[in-house]
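In what follows, every heavy atom counts, from backbone to side chain, and hydrogens, waters and symmetry copies are set aside.
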Amino acid sequence: MPMILSGAHLDLEPLELRHIDELLQLFEPKIWQWYTVSIGTPEAAKKFLLKILQEQESGQTLAFAIRDRASNQLIGSSRFLYLDPSNRRVEIGSTWFSPQWQRTYGNTESKRLMLTYAFEELSCISVCFQTDVLNEKSRRAIERLGAHLDGILRCHRICANGRIRDSAIYSITHQEWNGIKTKLGQRLC
């Protein structure tokens, strides 16, 4: 388990049971609109977060609670998925922020911290992101990070409501990382 990832404004704390109630205070159904699982109530969100903790215990994921240091409040969560050490790849995803923290330094700084950890501590050669092809807000946020669209996986997932989702797949490679790291740092100044 990594230590807390700290930036200029945020601390990414490894997700623990103690974070669940505070994260649930941020619950708003629209946050979860594009998830493939149905999270329409605080109870469903709690079940989802507890499942993440179980996956984390088995090594399938590494999740973080994102804390704004100025207010000392949690503002969202993100995680490493599909850890693939033999191919030095990881996916960053399952990211969500309280609506008032969307389009703020929160996403930029948290992703910069996670990307730094992935490339510089885990020695990844590629970090992947995916989102619903219809989720324009998420796609623009991923593109603002400097990730490149690798393609669209058609009929990739079946959503809880039965809709068949196409997924937009993005990546950043280790060759691109130093330039992207610099640009993200400049955006945070």
Side-chain angles (χ1 to χ4, degrees), residues 1-16 34-36 52-53 55-69 75-97 101-154 156-157 165-189:
M1 184 69 83
M3 61 181 162
I4 293 172
L5 305 180
S6 293
H9 307 286
L10 303 177
D11 288 324
L12 276 62
E13 304 170 6
L15 185 67
E16 297 176 357
W34 298 106
Y35 275 61
T36 55
I52 290 172
L53 288 175
E55 292 171 356
Q56 187 163 265
E57 285 179 23
S58 68
Q60 298 173 31
T61 192
L62 178 56
F64 295 95
I66 303 169
R67 187 175 303 280
D68 175 63
R69 270 205 304 279
I75 62 172
S77 180
S78 192
R79 63 182 166 145
F80 290 116
L81 304 144
Y82 310 111
L83 302 159
D84 185 356
S86 61
N87 289 300
R88 296 170 40 207
R89 299 179 59 83
V90 69
E91 179 178 321
I92 294 176
S94 197
T95 300
W96 59 273
F97 287 94
W101 282 94
Q102 296 172 3
R103 297 278 328 236
T104 69
Y105 62 81
N107 189 53
T108 303
E109 184 166 310
S110 64
K111 293 302 187 306
R112 186 174 193 262
L113 291 167
M114 292 178 77
L115 287 162
T116 299
Y117 187 79
F119 286 114
E120 298 175 17
E121 300 297 324
L122 300 177
S123 300
C124 288
I125 61 171
S126 181
V127 175
C128 175
F129 303 85
Q130 72 166 281
T131 190
D132 192 308
V133 75
L134 300 176
N135 187 348
E136 289 296 326
K137 193 175 195 179
S138 178
R139 291 184 70 180
R140 298 300 80 83
I142 293 168
E143 290 166 1
R144 278 192 304 275
L145 295 172
H148 295 277
L149 178 65
D150 293 328
I152 305 297
L153 290 179
R154 297 177 302 144
H156 184 226
R157 296 195 173 183
R165 165 185 149 159
D166 294 342
S167 295
I169 308 298
Y170 293 84
S171 69
I172 296 173
T173 66
H174 68 288
Q175 296 100 329
E176 300 162 337
W177 171 234
N178 283 332
I180 288 173
K181 181 179 180 180
T182 300
K183 286 179 185 175
L184 292 176
Q186 291 168 346
R187 285 181 49 200
L188 290 167
C189 291

Undergrad: More than 12 foreign heavy atoms under 6.0 Å from CZ of R140: is that the case here?
TA: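 Counting other residues, nucleotides and ligands, CZ of R140 exceeds 12 neighbours.
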Undergrad: In this structure, which one of V127, T95, T116 forms a side chain to side chain contact (heavy atoms under 4.5 Å, CB included) with K111?
TA: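 Answer to the side chain to side chain contact (heavy atoms under 4.5 Å, CB included) test with K111 among V127, T95, T116: T95.
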Undergrad: Please tell me if the side chains of R144 and R103 come closer than 4.5 Å, counting only heavy atoms from C-beta onward.
TA: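 Touching, per the 4.5 Å side-chain cut-off.
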Undergrad: Just jot down the ring-ring contact (aromatic ring centres under 6.0 Å, His included) partners of F119, sequence neighbours excluded, or say none.
TA: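 F119 satisfies ring-ring contact (aromatic ring centres under 6.0 Å, His included) with W177 only.
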Undergrad: So, for L81 and V90, which heavy atoms are closest and what is the spacing to 0.1 Å?
TA: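 Closest heavy-atom pair between L81 and V90: O-CG2, 3.5 Å.
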Undergrad: With heavy-atom distances below 4.5 Å as the criterion, would you say the side chains of H156 and D166 are in contact?
TA: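 H156 does not reach D166 side chain to side chain.
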Undergrad: Does K183 have more than 12 heavy atoms from other residues, nucleotides or ligands lying within 6.0 Å of its NZ?
TA: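 Not more than 12 within 6.0 Å, no.
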Undergrad: Yes or no on side-chain hydrogen bond (donor to acceptor under 3.5 Å, both in side chains) for S123 and R88, after CA distance, side-chain angles and deciding distance?
TA: CA-CA 7 Å; S123 300; R88 296 170 40 207; 5.4 Å; no
Undergrad: Counting only heavy atoms from other residues, nucleotides and ligands, does the tally under 6.0 Å from CZ of R69 exceed 12?
TA: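 Yes, CZ of R69 has more than 12 neighbouring heavy atoms, counting only those of other groups under 6.0 Å.
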Undergrad: Within a strict 4.5 Å, meaning less than it, do heavy atoms of the S138 and D132 side chains meet?
TA: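 SC-SC contact between S138 and D132 ruled out.
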Undergrad: Here's a test for you: under side chain to side chain contact (heavy atoms under 4.5 Å, CB included), which of N107, T131, I169, N135 qualifies with I142?
TA: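 Considering N107, T131, I169, N135, a side chain to side chain contact (heavy atoms under 4.5 Å, CB included) with I142 is found only for T131.
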Undergrad: Measure the CG-CZ distance between L12 and F64 for me, rounded to the nearest 0.5 Å.
TA: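 Taking CG in L12 and CZ in F64, the distance rounds to 6.0 Å.
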Undergrad: Can you list everything that forms a side chain to side chain donor-acceptor pair (under 3.5 Å) with Q60? Sequence neighbours excluded, please.
TA: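 Partners of Q60 under the side chain to side chain donor-acceptor pair (under 3.5 Å) test: S58.
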Undergrad: Looking only at heavy atoms, which two atoms of R139 and A168 are closest? And how far apart?
TA: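 Closest pair (atom of R139, atom of A168, distance): NE-CB, 3.7 Å.
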Undergrad: Would you mind reporting whether W96 and S78 have side-chain heavy atoms less than 4.5 Å apart?
TA: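 Not touching, per the 4.5 Å side-chain cut-off.
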Undergrad: Do you know which two heavy atoms are closest between S126 and S171, and how far apart they sit?
TA: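 Minimum heavy-atom contact is OG-CB, 3.9 Å.
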Undergrad: What verdict does the side-chain contact (heavy atoms from CB on, under 4.5 Å) test give for Y170 and D150, after you've listed the backbone C-alpha separation in whole Å, the side-chain angles of each residue and the deciding distance to 0.1 Å?
TA: CA-CA 5 Å; Y170 293 84; D150 293 328; 5.6 Å; no
Undergrad: Between E109 and R112, does a salt bridge (charged side-chain N to carboxylate O under 4.0 Å, His left out) hold up when you go through it step by step?
TA: CA-CA 5 Å; E109 184 166 310; R112 186 174 193 262; over 6 Å; no
Undergrad: Once you round to the nearest 0.5 Å, how far does NE2 of H148 lie from CD of E143?
TA: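 Answer rounded to 0.5 Å: 10.5 Å.
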Undergrad: Side chains of F129 and I172, heavy atoms from C-beta outward: is any pair under 4.5 Å?
TA: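 F129 reaches I172 side chain to side chain.
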Undergrad: Of the non-hydrogen atoms in I75 and G106, which two are nearest, and what is the gap between them?
TA: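 Residues I75 and G106, closest heavy atoms: CD1-CA, 4.3 Å.
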Undergrad: Closest approach of L10 and D68, non-hydrogen atoms and distance?
TA: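 Between these two residues, the closest heavy atoms are CD2-CA, 3.8 Å.
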Undergrad: Minimum heavy-atom separation for C128 to R89, with atom names?
TA: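 Smallest interatomic distance, heavy atoms only, reads CB-NH2, 4.3 Å.
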